[in-house]
Amino acid sequence: MTQRLVVIGGDATGMSAASQARRRRDAGDLEIIAFERGHHTSYSACGIPYWVAGDVDDPNALVARTAEEHRARDIDLRLGTEAVEIDLDGRRVRTRGQDGGAEAWTGFDHLVIATGAVPVRPPIPGIDADGVHGVQTLDDGEALMAGIDRDVVHDAVVVGGGYIGVEMAEAMLRHGLRVTLLERDEQPMATLDPDMGHLVREAMEGMGIRVETGSAVREVLTGGDGRVRAVATDKDEYPAQMVVLGLGVRPETTLAREAGLPLGARGGLLTDLSMRVRGTEGIWAGGDCVEVLNLVSGALQHIALGTHANKHGRIIGTNIGGGYATFPGVVGTAVSKVCDVEIARSGLKESQARAAGLRYVTAVIESTSRAGYFPGAAPMTVKIIAEHSTGRLLGLQIVGREGAAKRVDIGAVALTAGMTVGQMTALDLGYAPPFSPVWDPVLVAASKAAEKVRTTCG
Ligand SMILES: Cc1cc2nc3c(=O)[nH]c(=O)nc-3n(C[C@H](O)[C@H](O)[C@H](O)COP(=O)(O)OP(=O)(O)OC[C@H]3O[C@@H](n4cnc5c(N)ncnc54)[C@H](O)[C@@H]3O)c2cc1C
């Protein structure tokens, strides 16, 4: 008998799951219906800052697979349709068409919850004023681009100094705007330790971006026309005709919570290794709406990244398709950039290592992206955190120019393999002058950390 798979959320996780299930089971065996409340499907939100910056000139280029392409593969994708209730006992989902359209119940044998995350929007006066933009969806990107074209904008304030905030600061700068970045923490890029975040701050200031840290946004001030005119913090006021919000996200688990599905301390759905929601049969979840295991700290975390979302979707689709796949967890790898400055991290930062009850040593080194004598060699700072006594690699952070960020993948592999910094020094990495010094910067940092472990942890 034909089974039915219902997917809630038609982007990275949801459509990866649907596509993978379809690859393994044909339409006579598995009917697939996907509900997406927005107007777009299978697009790269990751590309939005680069489209706004002008690196990508057509937003359609961000769409990996169109609605028509999904439908041609027998996936019944219904855009503009919101799931409003999950009835676990009845194994059905209630949906509502756009703008209060008709409601309907759809039964399922398998359900994939891929509802993503919602941006944090602090309840401060003026936050919904004209000229205040999020960048979570393609629709948000379109509204922001229209605002730049339509309105007279000289000053942009970016609220939040995480990776989306710094990427959007670059995008605003490249539109010729005066840019201020406001961050509540001590430094931008709080996923790094403050000493590494400081390097990002210095680089941004060198580009002409004003970076104000250590103060919380209190109010978005508007003019008589209701449009934004400034942002007030507890320290000062910053003129702005455009405000971009990059304050992070939280898992979108409203439906799951109302249905009584298990949520973790960070509000994300809890799954087993196969991405099945714990304690259920045939209910799966992945992407930004779940919590994942950090393999280094052993703790559950909410990390909203497309790289995980796509893997989760594929694993879910494989399992629904009759195969077997699992997601062991993450080591917390992320890369980003602001103009020509590349930023990367993997594993734990110092405060996370402390929170996990780990003792550690750190090593910070300066090196270059290529052999020092080779044209284009650019400086890079590498920081390593290694466990006290054992020397196990706990974390790697890199700030530098071209060629810096993707070196963090060495750390991601070493962390996954549970390597010590001593073992890392023997890694047979590629070398030629245009690509690295004879001692790769990551190996230099590992060597310094290994020396510290030897000399200070006896
Ligand atoms: C500006 C920006 C830059 C980013 N850059 C990177 C990057 O460089 N690298 C990286 O790894 N990650 C990046 N990310 C994160 C990445 O885009 C997300 O992790 C990824 O899209 C998550 O996929 P998802 O399918 O879990 O959720 P989403 O992509 O958010 O999709 C969830 C979908 O569910 C829909 N939905 C929610 N509730 C319902 C409902 N009740 N009914 C119907 N539909 C519903 C939503 O409309 C949405 O389309 C970036 C994100 C943003 C916003």
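If you read the sequence from its start, that first residue is 1, and numbering goes on from there. In listed order, ligands and their atoms are each counted from 1.
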query: Less than 4.0 Å between a side-chain N and a carboxylate O, is that true for Lys349 and Asp193?
result: no
message: Given a heavy-atom cut-off of 4.0 Å, could you list the residues near ligand 1 in chain and number order?
response: Ile8, Gly9, Asp11, Ala12, Thr13, Phe35, Glu36, Arg37, Ala45, Cys46, Pro49, Thr81, Glu82, Ala83, Ala114, Thr115, Gly116, Val135, Gln136, Tyr163, Ile164, Leu255, Gly287, Asp288, Ala304, Leu305, Gly306, Thr307, Ala309
task: Using a strict cut-off of less than 4.0 Å between a Lys/Arg side-chain nitrogen and an Asp/Glu carboxylate oxygen, indicate whether Arg401 and Glu342 qualify as a salt bridge.
output: no
message: Looking at Thr95, is its backbone amide N or carbonyl O close enough to the side chain of Glu103 to form a donor-acceptor pair, meaning the two atoms are under 3.5 Å apart?
response: no
field: For Phe327, all residues meeting ring pair (Phe, Tyr, Trp, His ring centres under 6.0 Å), sequence neighbours excluded
entry: His312
query: salt bridge (Lys or Arg N to Asp or Glu O under 4.0 Å) with Asp409: which residues, sequence neighbours excluded?
result: Lys406
task: Would you please name every residue forming a salt bridge (Lys or Arg N to Asp or Glu O under 4.0 Å) with Asp272, sequence neighbours left out?
output: Arg276
